[in-house]
Participant: 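Here it is: the structure, laid out below.
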Protein chains: 2
Amino acid sequence: MTVGDNSGMQRNTRQRAAILETLSRQDDFRSAQQIHEQMKADGETVGLATVYRNLQVLSRSDRLDVLVAGDGEALYRQCEDTGHHHHLVCRECGRTVEFLAPKLENAMTAIAHEHGFTDVDHTLEVFGLCSDHAEGGVETR
Amino acid sequence: MTVGDNSGMQRNTRQRAAILETLSRQDDFRSAQQIHEQMKADGETVGLATVYRNLQVLSRSDRLDVLVAGDGEALYRQCEDTGHHHHLVCRECGRTVEFLAPKLENAMTAIAHEHGFTDVDHTLEVFGLCSDHAEGGVETR
DNA sequence: CTGCTCGTGAGAATGATTGTCATGACGCTC
DNA sequence: GAGCGTCATGACAATCATTCTCACGAGCAG
Ligand SMILES: [Mn+2]
Ligand SMILES: [Mn+2]
Ligand SMILES: [Zn+2]
Ligand SMILES: [Zn+2]
């Protein structure tokens with residue numbers, strides 16, 4: 001407990017590497033099961049529980065982003081920006097754009113402080129239709 | 001099918017009234033099961049499935065607010081403001097403050113448009129510690 | 001190399017939510 | 001107020017994502 005305490009360290013396993021590799025080839029949010037399916041299709045042999053565990057560990061260490069879908073399912077994505085940021089997600093195809101919004105951050109914090117809240121945190125996701133899936137089509141109104 | 005078409009109408013049932021009454025006495029977000037427990041404790045006899053169904057119906061018609069917790073559980077609350085608004089929730093006690101933020105709304109929409117997204121929507125919740133649960137050294141109770 | 005641990009995998013278990021379906025309650029009509 | 005078509009309800013089963021269990025094998029420090 002005193003010397004060589006490697007608590008917090010993670011071992012390098014073939015499975016984790018494979019999961020990260022798979023994620024690096026995806027550009028939208030995917031569920032643990034979808035990722036597992038993908039890996040199986042690619043010939044990787046990794047247990048489903050292992051996928052779940054690694055996704056959790058990786059998201060906890062901010063190497064992955066998590067998005068809780070409307071039905072409560074957790075979706076994961078490897079983001080380019082490693083810092084705090086938000087997402088603009090297409091409801092139709094899942095296409096995702098990362099964005100920073102310092103003004104929003106400050107405004108939210110300010111509102112919280114006005115109400116006496118401290119240690120502020122937040123969840124913010126924006127959904128819409130990307131240019132490829134713009135609605136209406138013929139409805140030239 | 002032609003006359004007296006009451007599609008979209010809801011019947012007035014003792015169960016729904018009881019659920020709304022129970023919600024009106026709560027001021028923080030509660031899960032379907034918690035609400036069901038509360039009702040049972042109050043001597044109400046309502047099936048769990050009925051509680052789930054009514055909470056869904058009521059939230060779909062904007063008579064209730066839903067908040068998907070980090071673990072995916074759906075939490076419900078009867079809000080004072082019936083229009084679009086957001087929440088400031090205490091992580092410790094669940095105390096909730098509703099707030100409007102037109103500037104944030106516009107900023108988010110603008111960002112989405114800049115990236116070619118339309119039909120924009122969003123989820124935004126702010127968490128923190130309320131004044132009664134402020135963290136820190138001064139734990140002078 | 002050797003051993004101590006931690007990560008893994010297969011399957012069982014959990015737990016919130018939803019589906020099933022017979023029965024009862026609502027709100028109209030007359 | 002009685003009759004009726006429908007929808008809501010409730011008990012319970014079923015679903016399904018996620019977590020747990022635990023024997024086993026693979027990292028890695030010494
Ligand atoms: Mn933010
Ligand atoms: Mn908003
Ligand atoms: Zn799209
Ligand atoms: Zn509080």
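Keep in mind the model is a prediction, meaning the values are calculated, not measured. Naming convention: chains lettered A, B, ... in sequence-line order (proteins, then strands); numbering from 1 in each chain.
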Participant: Without decimals, in angstroms, what is the distance between A:M9 CE and D:dA26 C1'?
Facilitator: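 A:M9 atom CE is separated from D:dA26 atom C1' by 16 Å.
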Participant: Looking at A:R11, is its backbone amide N or carbonyl O close enough to the side chain of A:R16 to form a donor-acceptor pair, meaning the two atoms are under 3.5 Å apart?
Facilitator: yes
Participant: Can a donor-acceptor pair be found, under 3.5 Å and without considering hydrogens, that links the side chain of B:R77 to the backbone of B:D27?
Facilitator: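 Yes; at least one donor-acceptor contact below 3.5 Å.
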Participant: Which residues within residues 19-56 of chain A lie with some heavy atom under 4.0 Å of an atom in DNA chain D?
Facilitator: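 Here the set is A:Q33, A:A49, A:Y52, A:R53, A:Q56.
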Participant: Would you tell me whether B:Y52 and B:Q33 have side-chain atoms, one donor and one acceptor, within less than 3.5 Å of each other?
Facilitator: yes
Participant: Quick check: are there more than 12 heavy atoms from other residues, nucleotides or ligands sitting under 6.0 Å from CZ of A:R14?
Facilitator: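 Atom CZ in A:R14 is packed in, count exceeds 12.
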Participant: May I ask you to check whether B:H122 and A:H86 place their ring centers less than 6.0 Å from one another?
Facilitator: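 No; A:H86 has its ring centre 6.0 Å or more from that of B:H122.
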Participant: Within this structure, what is the CG-to-P distance between A:D71 and D:dC16, rounded to whole angstrom?
Facilitator: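 To the nearest whole Å, that distance equals 12 Å.
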Participant: Taking A:H113 for the side chain and A:I111 for the main chain, is one N or O donor matched with an acceptor at less than 3.5 Å?
Facilitator: no
Participant: Expressed as a whole number of angstroms, how long is the span from A:R16:CZ to C:dG7:C1'?
Facilitator: 8 Å
Participant: With no hydrogens and no angle check, is any side-chain donor or acceptor of B:Q34 less than 3.5 Å from a backbone partner on B:S31?
Facilitator: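 Yes; judged by distance alone, with no hydrogens or angles, the pair exists.
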Participant: A:E73 has an atom CD; how far is it from atom C1' of C:dA16, in whole Å?
Facilitator: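 Taking CD of A:E73 and C1' of C:dA16, I get 14 Å after rounding.
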Participant: Using the ring centroid of each side chain, check whether A:F127 and A:H87 are separated by less than 6.0 Å.
Facilitator: no
Participant: Please enumerate all protein N or O atoms sitting under 3.5 Å from an N or O of nucleotides 22-26 of chain C, with distances to 0.1 Å.
Facilitator:
none

